[in-house]
Amino acid sequence: MATHPNSLPATSGSQDLMALVARALLAALFIPAGWGKIAGFAGVVGYINSKGIPMAEVCAAIAIAAELGLGLLLLVGWQARWAALGLAIFTAVITPLFHNYWAMPEAQQMMQKQAFWKNYAIVGGLLAIAAFGPGRLSVDGRGRR
């Protein structure tokens with residue numbers, strides 16, 4: 001029997017609360033980062049250029065859309081599985097580009113390696129939301145008992 005991609009499994013009240021807290025904590029990383037990129041767009045473009053990535057302005061706009069747009073969707077829990085999956089893919093793609101600790105000077109390697117693996121831990125949390133849904137305390141879960 002096929003299920004709708006946004007159908008939510010049955011959850012308890014404590015699971016719903018944990019899912020809400022998880023979404024809020026993850027969104028707290030992405031939403032301010034997106035706003036910051038809008039405010040400092042030229043600096044973001046310069047940083048992307050410094051990494052040798054082509055079309056830096058387009059990439060900066062994509063980063064803003066992902067962090068701010070998908071972050072807000074994740075927070076409120078609307079199309080949350082898709083938002084979480086999009087943020088997971090975005091984070092998994094950009095992490096080796098911006099935290100390539102293996103190519104950094106020795107003084108920066110430990111910090112960049114930590115950021116690299118923290119980002120992939122965040123990907124894990126996002127994939128859990130993509131897999132199990134946002135819980136009933138979300139727009140996707142409204143009206144469910």
Side-chain angles (χ1 to χ4, degrees), residues 2-11 14-142 144:
T3 59
H4 188 273
N6 283 328
S7 64
L8 300 173
T11 55
S14 63
Q15 288 171 313
D16 291 326
L17 183 59
M18 286 187 276
L20 173 62
V21 170
R23 290 191 343 262
L25 290 171
L26 288 164
L29 289 170
F30 292 102
I31 295 169
W35 279 120
K37 284 177 178 62
I38 291 171
F41 191 78
V44 172
V45 169
Y47 181 62
I48 293 170
N49 271 325
S50 78
K51 293 293 188 174
I53 298 169
M55 301 187 327
E57 289 178 341
V58 172
C59 291
I62 290 169
I64 291 166
E67 292 174 345
L68 188 55
L70 296 176
L72 287 168
L73 291 176
L74 181 66
L75 178 63
V76 300
W78 186 57
Q79 299 295 314
R81 287 181 169 198
W82 290 112
L85 183 60
L87 284 168
I89 293 167
F90 169 75
T91 303
V93 168
I94 67 164
T95 294
L97 299 174
F98 291 96
H99 298 293
N100 55 336
Y101 62 89
W102 54 89
M104 299 274 179
E106 188 175 346
Q108 295 178 18
Q109 284 183 358
M110 184 167 61
M111 192 165 92
Q112 290 299 326
K113 187 175 186 178
Q114 186 177 35
F116 180 93
W117 289 112
K118 278 184 181 182
N119 276 11
Y120 281 109
I122 292 163
V123 169
L126 290 164
L127 290 175
I129 291 173
F132 300 108
R136 290 179 293 179
L137 301 176
S138 65
V139 173
D140 292 343
R142 73 183 181 274
R144 293 191 56 235

Looking only at heavy atoms, which two atoms of [X] and [Y] are closest? And how far apart?
| X | Y | result |
| --- | --- | --- |
| Leu74 | Ala84 | CD1-CB, 4.1 Å |
| Cys59 | Ile53 | SG-CG2, 3.9 Å |
| Pro32 | Ala27 | CD-O, 3.8 Å |
| Pro96 | Tyr120 | CD-OH, 3.3 Å |
| Ala88 | Leu126 | N-CD1, 3.6 Å |
| Ala80 | Ile129 | O-CG2, 4.3 Å |

Any pair with a residue in residues 30-53 that passes side chain to side chain donor-acceptor pair (under 3.5 Å), sequence neighbours left out, goes on the list, sorted by first then second residue, please.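 Residue pairs passing side chain to side chain donor-acceptor pair (under 3.5 Å), neighbours aside: Lys37-Glu67.
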
Nearest 0.5 Å, what's the [atom1]-[atom2] distance between [X] and [Y]?
| X | Y | atom1 | atom2 | answer |
| --- | --- | --- | --- | --- |
| Ile48 | Glu57 | CD1 | CD | 9.5 Å |
| Leu26 | Ile31 | CG | CD1 | 10.5 Å |
| Asp16 | Arg136 | CG | CZ | 4.0 Å |
| Phe98 | Gln112 | CZ | CD | 11.0 Å |

Is there a side-chain contact between [X] and [Y] in this structure, where contact means two heavy atoms from C-beta onward sitting under 4.5 Å apart?
| X | Y | value |
| --- | --- | --- |
| Phe30 | Thr91 | yes |
| Ile64 | Phe41 | yes |
| Leu127 | Leu85 | yes |
| Phe90 | Leu70 | no |

Listed partners of [X] passing side-chain hydrogen bond (donor to acceptor under 3.5 Å, both in side chains), at least two apart:
| X | value |
| --- | --- |
| Ser14 | Ser12 |
| Gln108 | none |
| Thr95 | Asn119 |

Evaluate whether atom CE of Met104 has more than 12 neighbouring non-hydrogen atoms of other residues, nucleotides or ligands under 6.0 angstrom away.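 Atom CE in Met104 is packed in, count exceeds 12.
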
Applying salt bridge (charged side-chain N to carboxylate O under 4.0 Å, His left out) as the test, list every pair that has at least one member in residues 85-102; sequence neighbours left out.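 As it turns out, there is no salt bridge (charged side-chain N to carboxylate O under 4.0 Å, His left out) pair with a partner in residues 85-102 once direct neighbours are skipped.
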
Mind jotting down which residue pairs meet the salt bridge (charged side-chain N to carboxylate O under 4.0 Å, His left out) criterion with at least one end in residues 116-132? Sequence neighbours excluded, please. none

Short side-chain to backbone donor-acceptor contact, Tyr101 and Met111, under 3.5 Å: no

